[in-house]
Amino acid sequence: MKITFWGAVRTVTGSMHEVQVNGRRFLLDCGLYQGRRKDANERNRSFPFSPKSVDAVVLSHAHIDHSGNLPSLVKQGFEGPIYATPPTADLCDAMLRDSAYLQEKDAAYLNKRHHRRKALDPALEDGPVEPLYTIEDAERALKQFRQVPMYTPTRLDDLLSYESYNAGHMLGSTAVLLHYHENGKRIRLAFSGDVGRPKQAIVRDPDPLEKVDYLIMETTYGDRLHKELDAVSAKLAEIVNRTAARGGKIIVPSFAVGRTQQLVLLLHELMNARKITRIPVFVDSPLAVDATKIFQRHSECFDEETRQYLLEGEDPFGFQTLRYIRDASESKTLNDLHGPFMVISASGMCEAGRILHHLKNNIEDPRNTVLITGFQAENTLGRKIVDKMPEVPIFGEPLRLRAEVAKLNELSGHADQRELLLWLKPMVAGLRKVFLVHGEPAQTAAFAKAAQQQYGIETVMPERGQSFELG
Ligand SMILES: [Zn+2]
């Protein structure tokens, strides 16, 4: 059994690990690499193996950095099954189409810009840009999904099978346990996927895994400790009440899948407990609307608290003053509406989408609040806002940032260092090696040190393209 690391090594995107067994090739995840345009383009377009030669993919969860390059794999000849849990498959249906739409739009924009430049300088070369993949490619990939519920042993080859466990990170998210057996020899290789936080809203806590020989483990927050979830709820209430009292609007850039539903549930809780003023709340993103419907269909994944809503005949993702907006023209009517109200919209890092219009219309008014709910990567508009730059560019226009900027970083779906160590604990006895992935180098190194100190286990931080023979 041989494993090779191709993505999410010493970084947090492009998750993709190769497992070779019995002359056959399998992938754990096939995620989109996100970074500088040129690097991302090269990385996502060229696979280090022939996609035709891949026998099957096992997908840990729907997030785009884990699933988002599947359409490229299919476009380049992969014909095998993509195994995923039913909620993951349903979410990918919405997310891969959305991702393809963005790829097409991005290529169209670049081609238009090139066309204009070429008109001024006919010597310019570089032909038109092809989208990384199209909606058609995404639809082909979706046909190759095979839905397998958690805990269901599934054969990949005569010598290899797997089953998946709840990772507690988002709806349908899993850790994958591979079993290799040949002539009485057995190897158990686990892949953590992304590990969730215990007590996180909506999904159940991560399952403990046991009796594992080798482990591939994420370390996104390998060096951090999150705040308690109760503190998050109190902080959200304060922000809402403060802004509402001055008649302001709360503009919330949020990831459409996972983060938005978590926020809605938190607001629902606060409204029921009468801890916040009953202001109108709008979820203004077609992808978020689709994703929320998928969440509603998969109540089998809910934790006790979320299930309780159903038992009481309530929709966890709906309350009296909440409205979901799909239609662009309805979205525009929010421009003329007076505060106080809240609008939750995508994209999460303010790079595209309807959130840009809401920011443009509201960022210069000191009565308003921009509520940042997640990590903002360097060079994004979200980062400029969170860094409170006095002036921020929106649609090429410099605008004065006079609205309040508030942060709610604790909604992360990733376990922190203490929670990762806790998840690792039941596996420690018998564990021969842990491969640490899905983290910036400093985070991964800090986690390696903590795991060695606490459990005395051998950790490895693989390089991209590095292979290991597992015996
Ligand atoms: Zn994830």
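Whatever order the structure lists them in is the order used to number ligands and atoms, beginning at 1. The figures here come from the full heavy-atom set of this structure, side chains too, leaving out hydrogens, waters and symmetry mates.
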For this session: Mind listing the protein N/O/S atoms less than 2.8 Å away from the Zn ion (ligand 1)? Waters don't count.
Result: H61 NE2, H63 ND1, H169 NE2, D194 OD2

Seminar exercise, completed: salt bridge (Lys or Arg N to Asp or Glu O under 4.0 Å) pairs touching residues 3-20, sequence neighbours excluded, are R10-E463, E18-R25

For this session: Go through the steps to decide whether H17 and F435 satisfy the test ring pair (Phe, Tyr, Trp, His ring centres under 6.0 Å), and finish with yes or no.
Result: CA-CA 11 Å; H17 313 301; F435 301 96; 9.5 Å; no

Exercise. Taking side chain as C-beta onward, heavy atoms only, is D207 less than 4.5 Å from Y151?
Worked result: yes

For this session: Give me the ring orientation class for H169 and H414: parallel if the planes are under 30° apart, tilted from 30 to 60°, perpendicular past 60°.
Result: tilted

Problem set entry | side-chain contact (heavy atoms from CB on, under 4.5 Å) partner of R326, chosen from D290, V283, D284 | D290

Problem set entry | Any donor-acceptor pair under 3.5 Å from T152 side chain to V148 backbone | no

